[in-house]
Every structure is written in structure tokens, then in C-alpha cells.
Amino acid sequence: MRHLLTPQDFSVEELEDLFVLADDIENNSAKYSHICDGKKLATLFYEPSTRTRLSHETAMINLGGSVIGFPSGNVSSATKGESVADTIRVISCFADIAAIRHPKEGAAAVAAAYSSIPIINAGDGGHQHPTQTLLDMQTIRRLKGRLSDMTIGICGDLKFGRTVHSLVEAMSRYEGISFVFISPQELRMPDYVTDILHDRGIDYEEVTKLEDAIPKLDVLYMTRVQKERFFNEEDYIRLKDFYILDEKKLAAAKPDCYILHPLPRVNEIAPEVDNDPRAAYFLQVKYGVLVRMAVILTLLERN
Amino acid sequence: MLNVGKIEEGFVLDHIPAGKAMYIYHHLGLDKLDCPVAIIKNARSNAMGKKDILKVECDIDSLNLDVLAFIDHNITVNVIKDGEIKEKRKLELPRELVDVIKCTNPRCITSIEHELPHIFYLADEEREIYRCKYCDVKYEENDAGEWN
Ligand SMILES: [Zn+2]
């Protein structure tokens, strides 16, 4: 029995199989619409994340399965202080597969250790959120036609951004990848991520202005820069415009430099960019469902 | 030097940093074994000034000593058979440490679920880096306060 706790749980070859399966689901959806008839997905969300929960539930319903879960916003009464280990042993008797989201790091690994059904980590604190990484990768793969040989720019809060740490680690397994990290000094990529790049001999550069990086990028991954992350108001006001993508900045980008964002967006991408053919952030949502369908099938060994 | 009776079969753990003998005694589970154990504390040592020594009389295949490699590389493990030193055993870093050290990451699931075993895996053998099995945070010797 397999689980998906981190993107590293799958080899590069296994990931390719998963992405190919997602492609097939996209092109032949009828073939898959009853493949999970009678199967149940449990969504165990210990913290609210409606978007991620709905994406998992949609994925299971699209496969013909059904969904059970905690009543939203009422986890404490649902679990009555029960440990994750005990909850998952109980849920294993009800469902065939479970997606768990929990504010503490490693909660999904605990669930996997005590579970008799496959576990999908749907986010464990600041640690991992593998289905987000896989959908980011599938979006890049579909738009660029490859996952190798490109320069990926990552912009915004790189210090606290779990999704970008995971994406960098996952993409650094492919040939010919280089990175440009665009952030204020205070929010630079942490050492544990750049150490991985050093170990794997992967080029990266760090800049503070989006304008300086944008012409060389093949993909630009935007994230939010939160005001609370800054030491003082002056720095925030001085720096915030460096990390807002608008048409003027985008004009310097390559014609096939796609723009990704994990959503929700606040103001770091101007609405005028939405109509640009390079804007891919809503497409990510679509690939999110398809990738989660492929993950469910793979873990249930129905592929 | 203080002399403790010779052992026929077992181990003599020498060059233990002074003060760590009891820590090792517990981590090897010697408190749970029904066998003679001699704990020599603060023995004189030319190289170390002071050192501790543990003598354990037991079946030499009954004890897994790998945790010693994690605690201190410089501990010498003399294997005794028929009253003689048969070999000096080379220790390997254990792949996994269960309830030897604690994860101190306040965001880790172990910080709120206290009955979970604290499990660390050997992430980098060369650099001797252990990471928490749950949160992957690296273990740093000075942040656990475990050495007592
Ligand atoms: Zn931990």
C-alpha cells in the first residue's frame, strides 16, 4: 500500500506515469467516470481549506466514488481530542482512501503509520503539500511540453512559502533546470532549500526586483508578500511594488513565459494580467482536479 | 586503577566521556536486562583525563550497540569471549533512532501528541544528520537537552 506524503515518495518515472494518467483522464473522461464506483474518500480536514477539500472531493466524485468527512469547522467535536493515530484507525474501517490536512507538521506521516488505507497529505502545517506541487508540475508540463531545460523564476515570500520550497525540490530532480529567486532580503529562500541545489549542482541566482529577472524566465511562479512578514512599515511600502506583476512588467517577459500562482491571489498579480494568454493560474485549478484523480487511482491501484 | 572482576562473555565499553555512563546504561536498556553490569565512573585516563567505563556480562549477540555510534564515536567496544578480548567492534550509525532523542520543533505533530514515539532517520551518513520522521527537521545536539 502506498501513500502520498511528499512529492519525493514518487520517482521521476513514477511521476511521469502519474502525469500521463492525468492527461488520459483529461482526454477520455468517460472512461474514468465509474472506475471508483462504491469507493469512498474520507476528507479529514483539521483546519479549513475549502478549496483543497473541494478539489479532492470533486476528484473522487468525477471517478464515480463518494465522499465522507468531518462536518466543516467542527473538528474538535468530531474528534473529541482523539489522536490522529486513533482517528485514522477508525476512518480506515469506513473509507477506502483518505486525504488529511492538519496544522501540525508530520500529521500525515502519523496517519500513514497507523492507517490501513492509502493517505494523501493535503497539507501538514508548513511542511508539505504534495498535491499542490504535482498540480504545479502538471501545469508546467502541459504548457511547456516538458519539465526539463528551463529557467524558473519564483517571486515573493520565499522564506515561509511551503509551496515554493516543495516545487524547487521537486523540479531540481530534472535536467537543465535553473532558478531565479526574487524576494526582499528578509524573505529569501532558506538554507535548507539552497543546500539541496548546491548538493545537486543546480544554478540559481537571487535578485530583489522582479524587473531584473523577468526577461530570462520560462516560467514565473508568483506568491503573496504579506505585510506582517516585514520588520517595519517603511520597508513594506518601499518594496511591495517590486513584487506586483502588471502588464508593464510582463511586457519584458518571453512570449511563452507562463505565470503561475498557488491562489488565492490578493494584489500581487494585477487583474489586467488575467487576460494575457500567459496567465496560467486558473488553469492550475483545473489540473489540480485531474492530478488528484490520477493520485487517487494510483494509490487505489486502479490505473 | 579500580578493578572489577573479569568477565567471561560480554562487553567492556571504554573511553566513555565522564558522566555519560548512566545515559548509555539506559539507552542500551541495561536496566531491563538481568545480567551483571559494572559502572565505573571518573576513571583516570591518559587521553581523556577522566572517563567512564561499562562492563556488561551477557551473551554478545544479545545487545545491539549501534546507538553508541550516535552517542559518541570514540567509545571503544571490546567484545569479551572466554575471558579474553576477542575483537574491538566497529559501530555503525543506526538507520533509525526510536525514543533516543526528541524532536523540539514546536510545529511538529509530536509537540501536541505526546504518546507518539520520537523517531529519527539517518538522512546523511557522511555528515551524521538525523531528521525527525514526521517533520523532517534536523536534530541539533544542543537543542534537545537530552544529555543527562
Ligand atoms: Zn518533528
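Remember, predicted model here, so these are calculated numbers, not experimental data. Letters A, B, ... are given to chains in the order of the sequence lines, protein chains preceding strands, and every chain is numbered from 1.
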NE2-CD distance between A:His102 and B:Glu113, expressed to the nearest 0.5 angstrom: 6.0 Å
So, taking the atom named NE2 in A:His127 and the one named CG in B:Asp136, what distance separates them when rounded to the nearest 0.5 Å? 3.5 Å
With a cut-off of 6.0 Å (strictly less than), are more than 12 heavy atoms of other residues, nucleotides or ligands near CD of B:Glu92? no
At a 4.5 Å cut-off on heavy atoms, which part of B:Ile112 comes close to chain A: side chain, backbone, both, or neither? side chain
So which part of A:Tyr114 gets closer than 4.5 Å to some heavy atom of chain B, the side chain, the backbone, both or neither? side chain
Counting distance only, does the side-chain N/O of A:Lys104 pair as donor-acceptor with the main-chain N or O of B:Pro106 below 3.5 Å? yes
Do the side chains of B:Arg127 and A:Asp199 get close enough for a salt bridge, i.e. N-O under 4.0 angstrom? yes
For the CD atom on A:Glu301, are there more than 12 heavy atoms of other groups (residues, nucleotides or ligands in this structure) within a distance under 6.0 Å? no
Contact part of B:Ser111 toward chain A, heavy-atom cut-off under 4.5 Å: side chain, backbone, both or neither? side chain
Within the side chain of A:Glu105, is there an N or O that forms a donor-acceptor pair under 3.5 Å with the backbone of B:Tyr134? no
Under 4.5 Å heavy-atom distance to chain B, tell me which part of A:Asp86 shows up: side chain, backbone, both or neither. neither
